[in-house]
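Just so we're on the same page: letters track the sequence lines, and every chain starts at 1.
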Number of protein chains: 2
Amino acid sequence: MSSIQNIDIKNIQEELRKFLEHTKKCLPHISIYTVIFSFNNDNLNVLLLRFGDTQYFSLPGGFVLKNEKIDDASLRILKKRTDLSKLYIEQFTTTGNVENPNEDIYNETLKKMGIVLPDNNLMNQRRISICYYSLIDAAKVNPKGNDFFVSEVKWRSVQKLPELMYDHKLIIEKAISKLQLDMDRKLVSYNLMNETFTMGELQKLYEAVFQREFTRTNFQRKMLSLNILERLDKKYSGESHKAPYLYRFKNIQ
Amino acid sequence: MSSIQNIDIKNIQEELRKFLEHTKKCLPHISIYTVIFSFNNDNLNVLLLRFGDTQYFSLPGGFVLKNEKIDDASLRILKKRTDLSKLYIEQFTTTGNVENPNEDIYNETLKKMGIVLPDNNLMNQRRISICYYSLIDAAKVNPKGNDFFVSEVKWRSVQKLPELMYDHKLIIEKAISKLQLDMDRKLVSYNLMNETFTMGELQKLYEAVFQREFTRTNFQRKMLSLNILERLDKKYSGESHKAPYLYRFKNIQ
DNA sequence: TCAAAAGTGTTTATTATACACCCATGG
DNA sequence: CCATGGGTGTATAATAAACACTTTTGA
């Protein structure tokens, strides 16, 4: 992942040209943002893009093609960032305030990069943002950033988020709330896990999402009582304690 | 509430002119729909607009002004239909498919009414719809319809909905799901009730929303245990049975 | 005094929580 | 044989569901 110093200007101008070409095919005033969650190192992480040479990050986003369903637009943006298709997505809010916080940072940074966007470009117009979250297995993904203003693509723990552009802090908070709700009511957690896992690993995921601890013994019983887990062989890690069973979610096609 | 036969043509053309003027000030490709709920005759009702002289109804909706927050747009549309301000609203989904079901009915009806909308009008473009629901006390409202294509404004029970335009059936179903979720998790039901009510009336509301029956005695205990109700005087209805207490929600400013 | 609806009490089942206990593992 | 983490059992508390019983009201 390159820092902004390494981005060569010709490349930026070429990317800019492509971007302008692309936005001509999109609906104005409407953007999509995706909060991409993964679980790693006992943390719930979000994929963020560093904005130019600033300390600010933003969510991966994009526009909706004139003939594209909004869910498909979200999947297309995810594919672009992760190379993964058929991801689990969930729409959770649409934001549409008029003010655009950090507009100054946006303008200055583009100026510094020698980027001039036409006034009538989608980026310079008022935008309403349709927000999705997506759950992915961090092991399967190789995040990419190829927008002209992206200098770095990074997983960041929701515990210690960097400064965020626009209203993206609020969007991430809403995404976490919706994820908690969904994990309470339906089977989505498997999207964040490896195919097999120990009960301890699953508990760590729940603790990262709900930001609280669960009693180990009761968590185990609760999960098993749902009848969604299949018990496999034990996992010998080489550590000096009883080897835990591996589990797999049943009925995942 | 007039049927379409009674709408005089001059009036329609005048309304149309105003409408076209208005849409010029709005964002393209974005519409707002509001599912307005009320509780009446033991039914959960939705405010619907009859479309021209057809059997089809649609939800009240509108567009977002170029300098207007989307929540404010929703409130403005509600004010227009109900004359009420500061209503409780909750955004629950944004739909954005490309196909537009019932477009034929839409076109034929306008033609029959002698209405010609310019091709570039917002109504003739692909639209993404931000959907809100609102809860109102039916006693306080006098529904109005003054769009050129509205021939009737009606409360309809969610139990027996008429044929609906576009994807409005689905939108109403999603609204009911979100309402159920919200009633489970926070105090919103007071928006649908008169200031004072009996426990039986409150139970009827819950039964209408959740489409199931509750055991009377347990329902009463549950509600009282929440500590949100204030018990007032008894209500003597003149019927030959014990008079129920009236209740009021506490802490409603 | 009766039917109808409201209010209260009690019993039982279900679920959540806490924690004691034993088991396997490698050093 | 010990520390560590994993698995199971049990006791208790909180909540939900079912239903019996009493009260009030007007006819």
Selected nucleotide, minimal atom distance to B:Pro244 side chain, candidates D:dT25, C:dG7, C:dC19: C:dG7

Pairwise 5' ranking along DNA chain D for A:Leu224 and A:Lys242, keeping only the more 5' one: A:Lys242

Whole-Å gap separating C1' (C:dA24) and OH (A:Tyr245): 10 Å

B:Tyr206 OH - D:dA16 P separation (whole Å): 13 Å

Heavy atoms of other groups near B:Asp184 CG, more than 12 under 6.0 Å: yes

Distance below 4.0 Å between A:Gln220 side-chain N/O and D:dT8 OP1 or OP2: yes

Between P of D:dA17 and CD of B:Gln203, the distance in whole Å: 13 Å

Polar pair under 3.5 Å, donor/acceptor by atom type, side chain A:Arg216, base D:dG5: no

Nucleotide nearest A:Lys222 when distance is taken to its side chain, options C:dA16, D:dA16, D:dC19: C:dA16

Sub-6.0 Å ring centroid separation between B:Tyr56 and B:Phe51: no

More than 12 heavy atoms from other groups under 6.0 Å of NZ on B:Lys140: no

Whole-Å gap separating C1' (C:dT15) and CZ (A:Phe219): 17 Å

B:Glu213, CD atom: more than 12 neighbouring heavy atoms under 6.0 Å: no

Donor/acceptor link under 3.5 angstrom from A:Arg221 side chain onto base of D:dG9: yes

Between C1' of C:dA6 and OH of B:Tyr247, the distance in whole Å: 9 Å

5'-most by nearest nucleotide on DNA chain C - B:Met199 or A:Gly238: B:Met199

For atom CG of A:Asn218 and atom C1' of C:dC21, their distance in whole Å: 15 Å

From C:dG7, C:dA24, D:dG9, nucleotide with atom closest to A:His241 side chain: C:dA24

Test of ring centre spacing under 6.0 Å for B:Phe249 and B:Phe197: yes

Among D:dT24, D:dG9, C:dG9, the nucleotide that comes nearest once only the side chain of A:Thr217 is considered: D:dG9

A:Tyr236 side-chain N/O to C:dT25 phosphate OP1/OP2 under 4.0 Å: yes

Touch class at under 4.0 angstrom, heavy-atom based, for A:Gly200 against every strand present: nothing

Gap between atoms CZ and P, on B:Phe214 and D:dC19 respectively (whole Å): 17 Å

Phosphate OP1/OP2 of C:dA18: any A:Thr215 side-chain N/O under 4.0 Å: yes

Whole angstrom value for the distance that separates P of D:dG7 from NZ of A:Lys234: 8 Å

